[in-house]
Chemist: 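Right, I'll just put the structure down here and ask away after.
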There are 4 protein chains.
Amino acid sequence: MQLLSIGVVGLGYWGPNLARNIAASGRTALVALCDIDPTRLDALAGQYPNATAYHDPQDLLEDEQVEAVVVATPVATHHDLAKRALLAGKHILVEKPFTARTDQARDLLETAERMGRVILVDHVFLYSPAVRRLIQTVESGELGSVQFIDSVRINLGLVQHDVNVIWDLAPHDLSIMDALIGRAPESLMVVGSSHASNGIVDMAHVHLDYGQGIRASVHVNWLSPVKIRHFMVGGTRRSVLYNDLDRSEPVKIYDRGIEVGPDPNGKRNLLVAYRSGDVVSPRVQSEEPLRAMVEHFADVVEKNVPPISGGDQGLRLVRILEATDESLRLAGARVEVR
Amino acid sequence: MQLLSIGVVGLGYWGPNLARNIAASGRTALVALCDIDPTRLDALAGQYPNATAYHDPQDLLEDEQVEAVVVATPVATHHDLAKRALLAGKHILVEKPFTARTDQARDLLETAERMGRVILVDHVFLYSPAVRRLIQTVESGELGSVQFIDSVRINLGLVQHDVNVIWDLAPHDLSIMDALIGRAPESLMVVGSSHASNGIVDMAHVHLDYGQGIRASVHVNWLSPVKIRHFMVGGTRRSVLYNDLDRSEPVKIYDRGIEVGPDPNGKRNLLVAYRSGDVVSPRVQSEEPLRAMVEHFADVVEKNVPPISGGDQGLRLVRILEATDESLRLAGARVEVR
Amino acid sequence: MQLLSIGVVGLGYWGPNLARNIAASGRTALVALCDIDPTRLDALAGQYPNATAYHDPQDLLEDEQVEAVVVATPVATHHDLAKRALLAGKHILVEKPFTARTDQARDLLETAERMGRVILVDHVFLYSPAVRRLIQTVESGELGSVQFIDSVRINLGLVQHDVNVIWDLAPHDLSIMDALIGRAPESLMVVGSSHASNGIVDMAHVHLDYGQGIRASVHVNWLSPVKIRHFMVGGTRRSVLYNDLDRSEPVKIYDRGIEVGPDPNGKRNLLVAYRSGDVVSPRVQSEEPLRAMVEHFADVVEKNVPPISGGDQGLRLVRILEATDESLRLAGARVEVR
Amino acid sequence: MQLLSIGVVGLGYWGPNLARNIAASGRTALVALCDIDPTRLDALAGQYPNATAYHDPQDLLEDEQVEAVVVATPVATHHDLAKRALLAGKHILVEKPFTARTDQARDLLETAERMGRVILVDHVFLYSPAVRRLIQTVESGELGSVQFIDSVRINLGLVQHDVNVIWDLAPHDLSIMDALIGRAPESLMVVGSSHASNGIVDMAHVHLDYGQGIRASVHVNWLSPVKIRHFMVGGTRRSVLYNDLDRSEPVKIYDRGIEVGPDPNGKRNLLVAYRSGDVVSPRVQSEEPLRAMVEHFADVVEKNVPPISGGDQGLRLVRILEATDESLRLAGARVEVR
């Protein structure tokens, strides 16, 4: 099989992980590397002598050997780089968040459409075996109807300068919700605050209304002394808890629920009782999500497989993130997600 | 020492626990019992042959042997019963929530003042050794300034008819916050929803602004398949996690925090880094909170000790609970707590 | 239904728990109490005014109202008291360990047989819902054949004067093993040591060979800083872990195992691989084991139900305990269990 | 600083990890690779184009550029390869277990002495920050005197053909014990059994007597459905639990203990009571142990630093492992460790 030849732009924190998986996969080849910081570039170029090192992204984009480009630079530069890559005829895999603004995301989708090129957004959690198992459980219908989603993603984190905690952490949760529900929320509210002196929001609760009775909440926090990763999906029949930190049992399906029936004491009330049954923790393979994503990228480009985290999903998430900014500006007021 | 003679009105779920502790304590005597349901009354009267059984609360209130009355009936009846008890010259210990409305709470405070009688509200968590240790840790100043409080109190619970999940569960968290911060919040917002068919709110996030930069959140939920009790206090120097379900280490003090300093790379930005040190789990005695509360009640009545959970705290909590109702009516709008 | 009238002899640590359950059950009546320590006797007699208080056990044994006697005194007195009770025509429920010596246990069995009376031994764990579920899982055959049992029962405990840690803690594990395997082990070895200055063995590993390839180990320890209760049953197809401290998921069934097959690389070796499947945590009712045991006692006496923890099981456990003493004397040598 | 030039022989499971760390460290250079399996060799040679690939170990040993050799082949070949390497003037880092027999280990020590070369044994746990913290805690004396060590290292593991579960897993625990106690045990007993059809012992309890009242036990097991890593050190004043699977709090120091004093009730007995204080979980850096070991190897070679896991420790562990074989042959009899 032909390998997909990929160049990586941006070798800060995440880019090297992508480069490693591209080089190691049997589906892709790492053919080019680029970073404006020469130290970073040299360090990685030493590890991958077969990849051409570029100081200027434009040179990488003009390299005809490069079929696809990974954009792993700060979010402010995503649109410009990704657009130039598409116009140069490259497929793109863009770090999350996809873009800094909705109009940029829309422009990239149109450009990709026009150029006949593929967009994948690095919503890497969607490629983790545990999340795939979670999605499969929901899609199988065994939970009944989804009633609520509650996610807690908190830890002591490096407070950042360019993005707040929502843009930094919530895309993980929002991408899983998007995969589970298949549409954007109708509206949202954000309660956030800033404690470090740089004024960046460092803890927030985002409350989303997906319509049809489905509510979701995400708590993201850089100041928590403990690390917690709880993603709970409550259904009418069963519920699931996905705990990313529980390596032995990351997904648990609870045969528990609320039952509503007529009150035997007569009266006008309904009797609401709870039911508590077994807990099943399905076997989840251990597999590196990044590797799976890189190989899926090759499949999307070469076999026309529908993307798991395509540009449309990236756009929906940027719309949500923009709306969180607006709700924060409005002191927590409810904001439509257009 | 003289025993405080107590009568218990309301023998549903909680009353028998109070009765048991009153009977077993060396500071109090259980002298009277009352419930309108004869089955319940007979069952308990059989266990405590020395206590007089009354079908009508009024009879108990007129019993001159009774010095103090426990009001453990549904909240709708608290004001009427408690007021009659005070007017009959009894001290009162009232189940939480104190009253159904703020004006009722205020009326009881005035009545007690006028009658020279004591009010204690059953905010039982304030008498648990772990919570006392938590409060002591915050008061010692070792956390620095409190920045945020985040509490999660979720489990599969019996959905109720007369109160929503906030009135049912949040008083526990709100009483601890009241003890920690010492004042009512300035405003709050509630995001809640109802999933069982009876229309009662069964999951909610309550966001409180206590002023001076202190924010608090409470997540209460009757539909969670898992039981979680996390109460986190984030400070500028240290943070604490109180986990009521961790029997061996319920309180953990984390020497972790965020540090802000000038960015060595120059630029206009501040460098914000995190610091991670030891975790200390202080020894916490195991002691029944209800027993400690009952004995504190005797101390307040007989020795004029200031109440840990007096009527003023009860009033502050009812004001908050009323404000949550208003925020729910206003679809989550911010509401002042007057 | 007629209540079984029971007298309790020995009101130290455990007797009052038995008294409480006997009084509260709808199947039994607490009619008599006895302790040589007047303070203890008076304390409990105050709580149960309907039970006659005796200072001398002989008086209780002569009380014609008493149909059955609970022997909850130190083990050194079990045989004498229990024998007198049987000879007085009473059924007996004896605290574990059943007796201090095998010949005493055998004598009680013969006496009970001759007198037509019932013996139950207080192997209370066999009445816990989690252990019942564990036994049922093994009996269903879903584990395949049992290969090994490994139990860890360690905590910081009050070092005792009259019994070592094996006689104190191991009967719990040995009774569960007896219920699972249905026979005494063939031989055992003990590695134990004593660290507190009174010379009593305070930590020990007991290794039992039940024949037919079934090995079991019990680690008991009074000096462990952490409390651990792990009881693991490994089978050819599945394995179970019973963790008495995990209140939400005390029993977990692991669909994991080792598979043996021919080595595809040729050679003379077998390929041994492991298989890892789902984990199921079955719903376990929460129910007080002591209550269930007391009611089972009534069933055994009145309905001729076969005892779950009869005198024969008590005898088998005393034989094992005696053999552990011998192995300790022989510095850990293997000892037959006769 | 001059880099230490290292060649790695044996590229199965562990060798590539060592190669990666040697290549990435700033103290060492990966200059040669060798495996008899050409597929493995080619795979790794592709990743490290600067290292010379050898099919025959002898060729690598004759490479003058190679200053030190890592021996990561099956244990049966350790002695032959390591001896030839020493005779060729190379320093050696040998995978655990050091050798298959005591005489081989002794021969290597003598050869190294004669050739003036360094031996390091890959007891990698001694380089983990958590174990270093554990050792430091014991050495500081804050535990008082060590009374016992109890280690549980169990999981579902690939049953092997050439070594039993003791030789495979116990060296980790034995190396930590060696570092803590500083001498070999006087005697040991092993209770082991084999359940897979290849007759290799797959579960075992090893009980060691280190003299001076210090007892240690190791439970190793390839058949456990759950993975447990508990290493407990009980002291007269405090105790420590090192849990390798607890990523947030791997080391916990318990201020708990047993206190012995005169019995206030008179009598001849001592009163033994327990004391329960705080738990402290010290901050442990996250750092790759293999990297630290490789750099320590360079320090030992170049700066004459005393080895943390030198050949003498390797020899002590092989003596213990040989003694476990003998105890197994003798059905669990106590065996001297000579």
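Each chain gets a letter, A, B and so on, in the order the sequences are listed, and its residues count up from 1. Please read all numbers here as calculations on a predicted model, not as lab measurements.
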Chemist: Heavy-atom pairs under 4.5 Å with chain A: which of B:Val279, B:Leu223, B:Leu156 has the most?
Modeler: B:Leu156
Chemist: Only heavy atoms, only distances under 4.5 angstrom. Which residues in residues 224-242 of chain A are near chain B?
Modeler: A:Ser224, A:Pro225, A:Val226, A:Ile228, A:His230, A:Met232, A:Ser239, A:Leu241
Chemist: Would you check if B:His207 and A:His207 make a side-chain contact, meaning some heavy-atom pair closer than 4.5 Å?
Modeler: yes
Chemist: What residues of residues 139-155 of chain A sit under 4.5 Å from chain B when you count only heavy atoms?
Modeler: A:Gln147, A:Phe148, A:Asp150, A:Ile154
Chemist: Just wondering, more than 12 heavy atoms not from B:Ile36 lying within 6.0 Å of its CD1?
Modeler: no
Chemist: Which residues in residues 246-256 of chain A have any heavy atom lying under 4.5 Å from a heavy atom of chain B?
Modeler: A:Tyr254, A:Arg256
Chemist: Within residues 213-222 of chain A, which residues come under 4.5 Å of chain B, heavy atom to heavy atom?
Modeler: A:Gly213, A:Arg215, A:Ser217, A:His219, A:Asn221, A:Trp222
